[in-house]
Amino acid sequence: MRLLLCLIFLVFVFNFASSTVHFQDTFDNDWESRWVVSNWHKDDGKSGKLVHTAGKWFGDESQKGIQTSEDARFYAASAKFPTISNKGKDLVLQYTVKNEQKVDCGGSYIKLLPSKLDQSAFDGESEYAIMFGPDVCGASKRIHVILNYKGKNHLIKKEINKVETDQLTHQYTLVISPDNTYKVLVDNKEIQTGNLAEDWELLPPKEIKDPKQSKPVDWVDVKEIDDPEDVKPAGHDDIPASIVDPEAVKPEDWNEEDDGEWEAPTIANPEYKGEWKAKKIANPEYKGEWVHPLISNPEYAEDNELYLFNDLGAIGFELWQVKSGSIFNNMIVTDSIEEAKEFSEKTFVANQESEKKMFDDLEAAKAEEKKKADEKLAAEKAAEKAAEEAEEEEAEEVAEEDLVKTDDKKEETKKSTKKVDHDEL
């Protein structure tokens, strides 16, 4: 048993030691020496600027990525690595992205590209081998996995909807294996597996309808027919659909000279049975649904190397973002799942909890600040209302005093008038 464990350990060590990391980037301060920003849309001013930052919240401020910084802009950047083929080996593509902007419409996917890529002209029309990652626009949220096979791009047939839409960093991993299988992982959790031949339409169908065959002219595929013994009842068609309302009475004030001849309104006839239709019976001639015979597709050829990409030499992303704020980081292209996991532990996993805590603390502080601002605003409005009420009350008191003074003056005038009248008498 101990010997078996030792052998397993040695195999693991050998496999790990023989693995190759084709590309790896954590975007240090020298990232611009490796990455080329495309000239795409620079001439019309719609090219967005990439900034080097850890963002507003992070697990480690020293671990910076590159962030889209301008809304409603196109972004395209790429980096090259020595040309590789994944023949006979796993191909692992992994990266992280943090959407600080609460993305509602925009992609955050990356591409593996051929070595011949013209980096300065890299755009949405540039040939690529693999496109992988999340894309969100309104209610549509999916993880793209698009493979180029014989010059044509093929979108995965399955809907992979496990797209993280919060504002934290998430890791996306694609593994393509030599047995023509694949795996998609999000935050190191497997969310989709399958077979390349089954989940993409890379190959033509094995069988097609025989072009020399067609449904016989005498083939009966009508399941039911009218019962020939069913006869329409006598007088069925004599029953009208509507009749004169027997309860209708001409209004007493109806004037035929002015209103014309009065006609009683009609109502639906309760005796009307509608258009007569014969009962249906099973068709004794029915042969069932005709099935078109199939033949082998002469264009079909089995391909045991659907997984194979013989010319991979660049990685990049080209995006349109309505709202900017996506931070790309921790990219790796390797032939080892173990190597990708180890890289993930050092870069992504190590910072998950601390990043979330910082984010939660900032959100709590923001909520507390909003609460205080709301309370302050409410207090200011209450003070304004109290001041307005005090002014209104003071104005009412002044008005009341003026009224009293006016009444007093009137009384004095009245008394003075009476005195004058008395003196004159």
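The figures here come from the full heavy-atom set of this structure, side chains too, leaving out hydrogens, waters and symmetry mates.
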Next item on the list: Check the pair N351 / T169 against side-chain hydrogen bond (donor to acceptor under 3.5 Å, both in side chains), numbers first and verdict last.
Entry: CA-CA 9 Å; N351 293 296; T169 298; over 6 Å; no

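- Residues V333 and L91 meet the side-chain proximity criterion, which asks for heavy atoms closer than 4.5 Å.
- Checking D311 against S115 by side-chain atom types alone, a donor-acceptor pair falls below 3.5 Å.
- Other residues, nucleotides and ligands place more than 12 heavy atoms under 6.0 Å from the CD atom of E375.
- In this structure, CG in L113 is found 10.5 Å from CG in N148, a value given to the nearest 0.5 Å.
- If you take OG on S47 and CG on N39, they are separated by 8.0 Å, rounding to the nearest 0.5 Å.
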Check: Which is it for D237 and K232 under the salt bridge (Lys or Arg N to Asp or Glu O under 4.0 Å) test, yes or no, and what are the steps along the way?
Finding: CA-CA 9 Å; D237 292 340; K232 180 166 60 176; 2.6 Å; yes

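- Y109 is not listed as a side-chain neighbour of F132, based on a closest heavy-atom distance of 4.5 Å or more.
- Proximity of a side-chain donor or acceptor of H292 to a complementary backbone N or O of Q213 within less than 3.5 Å is detected.
- For the residue pair S38 / E318, no side-chain donor-acceptor distance below 3.5 Å is found, with atom types taken as modelled.
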Check: What do the steps show when you test E363 against K366 for salt bridge (Lys or Arg N to Asp or Glu O under 4.0 Å), and what is the final call?
Finding: CA-CA 5 Å; E363 288 295 295; K366 191 188 301 182; 3.1 Å; yes

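- Between atom NZ of residue K98 and atom CD of residue Q67 there is a gap of 7.5 Å, rounded to the nearest 0.5 Å.
- Surrounding NZ of K157 are more than 12 heavy atoms belonging to other residues, nucleotides or ligands, all under 6.0 Å away.
- The pair E345-K341 does not meet the salt-bridge criterion, since no charged nitrogen lies less than 4.0 angstrom from a carboxylate oxygen.
- Residue Y128 is tested with L312, L147, N153, L112 for a side chain to side chain contact (heavy atoms under 4.5 Å, CB included); the sole match is N153.
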Notebook entry, point to check: Passes side chain to side chain contact (heavy atoms under 4.5 Å, CB included), F348 versus D187? Steps please.
Noted result: CA-CA 8 Å; F348 170 64; D187 296 346; 3.3 Å; yes

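- For the side chain to side chain contact (heavy atoms under 4.5 Å, CB included) test with F27, the passing option among E32, K64, H52 is H52; the others fail.
- In plain terms, the two heavy atoms of G65 and I327 that are nearest each other are CA-CG2, 3.8 Å.
- Between F328 and Y95, the ring-plane angle classifies as parallel under the 30° and 60° cut-offs.
- For the pair L93/Y172, no side-chain contact is recorded, criterion being any heavy-atom separation below 4.5 Å from C-beta on.
- Using a 4.5 Å heavy-atom cutoff, the side chains of S336 and V21 are not in contact.
- Counting heavy atoms from C-beta on, the side chains of Q94 and L174 never come closer than 4.5 Å.
- Checked by atom type, the side-chain pair S120/D118 shows a donor-acceptor distance below 3.5 Å.
- Between W200 and Y182, the gap from one ring centroid to the other is short of 6.0 Å.
- Taking the side chain as every heavy atom from C-beta outward, V97 and I110 never approach each other to under 4.5 Å.
- By the 4.5 Å heavy-atom criterion applied to side chains, I243 and P270 are counted as neighbours.
- When atom types are taken as modelled, the side chain of D90 and the backbone of V92 share no donor-acceptor pair closer than 3.5 angstrom.
- In this structure a side-chain-to-backbone donor-acceptor pair under 3.5 Å is present from Y75 to E70.
- Summarising the local packing, NZ of K206 is surrounded by 12 or fewer heavy atoms from other residues, nucleotides or ligands at distances under 6.0 Å.
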Checklist line | Full working for salt bridge (Lys or Arg N to Asp or Glu O under 4.0 Å) between K280 and D226 | finding: CA-CA 5 Å; K280 296 289 185 180; D226 292 343; 2.8 Å; yes

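- Residues Q321 and R73 fail the side-chain proximity criterion, which asks for heavy atoms closer than 4.5 Å.
- One finds the CG atom of N269 at 8.0 Å from the CD1 atom of I267 (value rounded to the nearest 0.5 Å).
- Counting heavy-atom neighbours within 6.0 Å of K42 NZ, excluding the residue itself, gives a total above 12.
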Next item on the list: Quick one: do K277 and E275 satisfy salt bridge (Lys or Arg N to Asp or Glu O under 4.0 Å)? Show the steps, please.
Entry: CA-CA 6 Å; K277 293 181 179 179; E275 181 184 355; 5.3 Å; no

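- Annotation for K356: atom NZ does not count as buried by contact number, only 12 or fewer foreign heavy atoms lying within 6.0 Å.
- Counting heavy atoms of neighbouring residues, nucleotides and ligands inside a 6.0 Å radius, atom CD of E224 exceeds 12 of them.
- Side-chain contact of D335 with S19: a donor-acceptor pair under 3.5 Å is absent, judged by distance alone.
- Applying the 6.0 Å contact sphere to CD of E207 captures more than 12 heavy atoms from other residues, nucleotides or ligands.
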